[in-house]
Amino acid sequence: MVIRTLKKQQYVVDVAIAVAYYVLAAQYFGGYNVYFANDTGDNGYIIIIGGYALALALRRVSPGIALGIAWVISIVQMWFDVSPSVYNVATLIVVYTASAYGGRIVRSLALASVGVGALVAAAFLTVQGAALGVSESIFGFSTLPATILQFVLLFFAMLFVLGVPWLLGLLVRWMTRNRESREAKEAAEQIVIVEQERNRIARDMHDVVAHSLAVVIAQSDGARYVRRTDPEAVDEALLAISTTARDALGDVRLLLGQLRHSQGDGPQPVLADLDRLLDQFRASGLTVVFEQNGQPRPLGTAHELSVYRIVQEAITNALRHGDHARDVTVRFDWLPDTLDISITNGIDVPTTTAELHIGHGLAGMTERAALVGGLLQAAPDGSRFVVSASLPTNAPTS
């Protein structure tokens, strides 16, 4: 039989209930004292009560063992020809516990005990002649039809008495499993939410660091090339490097603070920050052309953040892998229900779609578009690399 592990207070409660049951049953229901003997020396009641008390003490530690003890004590009770009394409520408690906490086999044995116990108890009471005021047993002078009717009534009565605790245990078991399932589902959903937030922070961290390092590298290379012919350009490059690094450090600290303390979103880039972003790229020596068609409209915070990060990642990839001698074109087309974005840059070596490596940056752009219900494609087109995104603009602003 399976031994269950309980909390310390559960052990204490079960033992206390068993001791209280034994003392009360021995003192008041059996007519005996607690020293294991009565005036006639008949210890039958004490054995029965002690056995039931043991079953109560073990009912949650091992429902199977407790059910077996209850069966043995019930047989002992019939062997001593002891009439049922209030102390037999221990049997009902054990049946309830076996149904509520036992495994599949124990639960099935408890259900079988309901039927078999009702049959045995009805036969015992009929033979004893203790029900309905009939003093003769089945072997006496009472009529056979009356005896059969008495047996049937007792059987259904005992079936109800033993069956109700089993059904209650099954109900409690179902409620407990349902609560545990709900709690597990909520915990799993919370884990998913936390993981999604960590993924968002990881994407933001990648975008910030990749963009900033690309600008710093471009500025450093440019300053090294022109330091002899244009010393003033070195100061401008160093200023751009300092500004970019300082902004990146502030963004990284904000993201790490969110990751460490699980706080809500801090200030995030919006469309109004695009000009400053494009100026940073232009300061690194990259020619960025911005085109806009249609009437701009207010977007939700999530939409504006997605637009900003997509543009940032696409131009960062152009700065790292593209042909710096060719322009990078950023085009916004404001349509009635969507905003179509196109970022085009030249590439040094023609690349086929099959040769394209989908890294964290491209995957991040795709996820950002999908989060707001949009689509994104990134693929080479001859000597150009094109990132195209279509984001819905009819979503409610946040």
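All of these numbers come straight from a predicted model, not from anything done at the bench.
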Would you say [X] and [Y] are hydrophobically clustered, going by side-chain heavy atoms of ILVMFWY under 4.5 Å?
| X | Y | answer |
| --- | --- | --- |
| Val13 | Val19 | no |
| Leu6 | Leu58 | yes |
| Phe124 | Val116 | yes |
| Val94 | Met158 | no |
| Leu92 | Ile17 | no |

Side-chain heavy-atom pair [X], [Y] within 4.5 angstrom cut-off:
| X | Y | result |
| --- | --- | --- |
| Leu335 | Leu339 | no |
| Arg107 | Pro63 | no |
| Asn293 | Trp334 | no |
| Val386 | Gln377 | no |
| Ile75 | Val120 | no |
| Leu299 | Leu271 | yes |
| Ser342 | Glu291 | no |

Ignoring hydrogens, what is the shortest heavy-atom contact between [X] and [Y]? Give both atom names and the distance.
| X | Y | value |
| --- | --- | --- |
| Tyr87 | Ala25 | CB-CB, 4.0 Å |
| Ala53 | Tyr22 | CB-CB, 4.0 Å |
| Ser113 | Trp71 | OG-NE1, 2.7 Å |
| Ala110 | Ala98 | CB-CB, 3.8 Å |
| Val114 | Leu162 | CG2-O, 3.6 Å |
| Val328 | Ala318 | CG2-CB, 4.0 Å |

Hey, could you give me the [atom1]/[atom2] distance between [X] and [Y], rounded to the nearest 0.5 Å?
| X | Y | atom1 | atom2 | result |
| --- | --- | --- | --- | --- |
| Thr91 | Ile69 | OG1 | CD1 | 12.0 Å |
| Asn88 | Ser74 | CG | OG | 7.0 Å |
| Leu171 | Tyr96 | CG | OH | 9.0 Å |
| Arg309 | Glu304 | CZ | CD | 13.0 Å |
| Phe385 | Ile343 | CZ | CD1 | 10.5 Å |
| Asp275 | Gln280 | CG | CD | 11.5 Å |

Q.
Could you tell me if Gln77 and Tyr52 have a donor-acceptor pair between their side chains, going purely by distance under 3.5 Å?
A.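 Note: Tyr52 and Gln77 side chains meet the donor-acceptor criterion.
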(Q) Please tell me whether Thr344 and Arg384 have a donor and an acceptor in their side chains that are separated by less than 3.5 angstrom. (A)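 No, no side-chain donor-acceptor contact under 3.5 Å.
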(Q) I'd like to know whether Ile65 forms a side chain to side chain contact (heavy atoms under 4.5 Å, CB included) with Ile3, so could you lay out the CA-CA distance, the side-chain angles of the two residues, the decisive distance to 0.1 Å, and finally the verdict. (A) CA-CA 9 Å; Ile65 294 178; Ile3 304 298; 4.1 Å; yes
Q: Name all pairs fulfilling the side chain to side chain donor-acceptor pair (under 3.5 Å) condition that reach into residues 151-180, sequence neighbours left out, sorted by first residue then second.
A: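 Sorted pair list comes back empty.
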(Q) Strictly by salt bridge (charged side-chain N to carboxylate O under 4.0 Å, His left out), give each pair with a member in residues 111-122 just once, sequence neighbours left out. (A)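 Of all non-adjacent pairs touching residues 111-122, none passes salt bridge (charged side-chain N to carboxylate O under 4.0 Å, His left out).
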**Q.** Where at least one partner belongs to residues 88-98, residue pairs that pass salt bridge (charged side-chain N to carboxylate O under 4.0 Å, His left out), sequence neighbours excluded
**A.**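 For residues 88-98, and leaving out neighbouring residues, there are no salt bridge (charged side-chain N to carboxylate O under 4.0 Å, His left out) pairs at all.
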Q.
According to ring pair (Phe, Tyr, Trp, His ring centres under 6.0 Å), who are the partners of Phe290, at least two apart in sequence or on a separate chain?
A.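 Partners of Phe290 by the ring pair (Phe, Tyr, Trp, His ring centres under 6.0 Å) criterion, ordered by chain and then number, come out as Phe332.
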Q) Short question: side chain of Thr338, backbone of Leu391 - any donor-acceptor pair under 3.5 Å? A)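 No; judged by distance alone, with no hydrogens or angles, the pair does not exist.
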(Q) According to salt bridge (Lys or Arg N to Asp or Glu O under 4.0 Å), who are the partners of Asp279, at least two apart in sequence or on a separate chain? (A)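 With sequence neighbours excluded, Asp279 shows a salt bridge (Lys or Arg N to Asp or Glu O under 4.0 Å) to Arg282, given in chain and number order.
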Q.
I'd like to know whether CZ of Phe156 has more than 12 heavy-atom contacts from other residues, nucleotides or ligands below 6.0 angstrom.
A.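 Atom CZ in Phe156 is not crowded, with 12 or fewer foreign heavy atoms closer than 6.0 Å.
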Q) Can Phe281 and Thr316 be said to form a side chain to side chain contact (heavy atoms under 4.5 Å, CB included), step by step? A) CA-CA 8 Å; Phe281 283 112; Thr316 298; 3.5 Å; yes
Q) Could you go step by step and tell me if Asp327 and Val288 meet the side chain to side chain contact (heavy atoms under 4.5 Å, CB included) rule? A) CA-CA 6 Å; Asp327 296 349; Val288 181; over 6 Å; no
Q: List for me each residue that meets side-chain contact (heavy atoms from CB on, under 4.5 Å) alongside Thr97, sequence neighbours excluded, and say none if there are none.
A: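 Thr97 satisfies side-chain contact (heavy atoms from CB on, under 4.5 Å) with Arg59, Arg60, Ile93, Tyr101 only.
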Q: Evaluate side chain to side chain contact (heavy atoms under 4.5 Å, CB included) for Leu376 paired with Ile310, printing each intermediate quantity in order.
A: CA-CA 9 Å; Leu376 184 138; Ile310 289 172; 3.9 Å; yes
